[in-house]
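Right, one structure below, let's go through it.
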Amino acid sequence: MTTYRNTTTDQSRVVAIKRYTTPNEAYLDAELLENNGISCSIDGAIGGTVLPFIQGQVSLTVAEPDAVRAVELVPGSELPDEND
């Protein structure tokens, strides 16, 4: 099994493109990105497992230069607001 946490090697800004209620959903999308050559990280996976009632705490992040392509690949994802 591939580990997706902290796999981004790009030192540019990292942005969250999608939030999840469970880590399992995030891992599926992370695998899709990795299979298409986009490094990503899953933040909050442990908290989402231990405290599943806290929804939206798991997020899929990518390096900012990869964000547009990642959003094209991951259903339901979106680019963050400029104000975030």
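Since we're looking at a predicted model, the values are computed, not measured.
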Please identify each residue that fulfils side chain to side chain contact (heavy atoms under 4.5 Å, CB included) with L79, with sequence neighbours left out.
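Residues passing side chain to side chain contact (heavy atoms under 4.5 Å, CB included) with L79: A67, V68, V71.
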
Using 0.5 Å steps for rounding, measure from the [atom1] atom of [X] to the [atom2] atom of [Y].
X   : Y   : atom1 : atom2 : value
D66 : L33 : CG    : CG    : 9.0 Å
T61 : D43 : OG1   : CG    : 4.5 Å
R19 : E25 : CZ    : CD    : 14.0 Å

Specify the closest pair of heavy atoms between [X] and [Y], including all atoms of both residues, with the distance to one decimal.
X   : Y   : value
L32 : L73 : CD2-O, 3.2 Å
S39 : V62 : O-CG1, 3.9 Å
A70 : S77 : O-OG, 4.0 Å
R69 : N36 : NH2-OD1, 4.3 Å

Give a yes or no on whether the backbone of V15 and the side-chain of E64 come within a donor-acceptor separation of less than 3.5 Å.
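Not at all, since once roles are kept as given, no pair shorter than 3.5 Å links the two residues.
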
Indicate yes or no for a side-chain donor-acceptor contact from K18 to the backbone of A26 under 3.5 Å, with no hydrogens or angles considered.
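Side chain of K18 to backbone of A26: no pair is present.
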
Side chain to side chain contact (heavy atoms under 4.5 Å, CB included), paired with V58, selected from I42, T21, N24:
I42

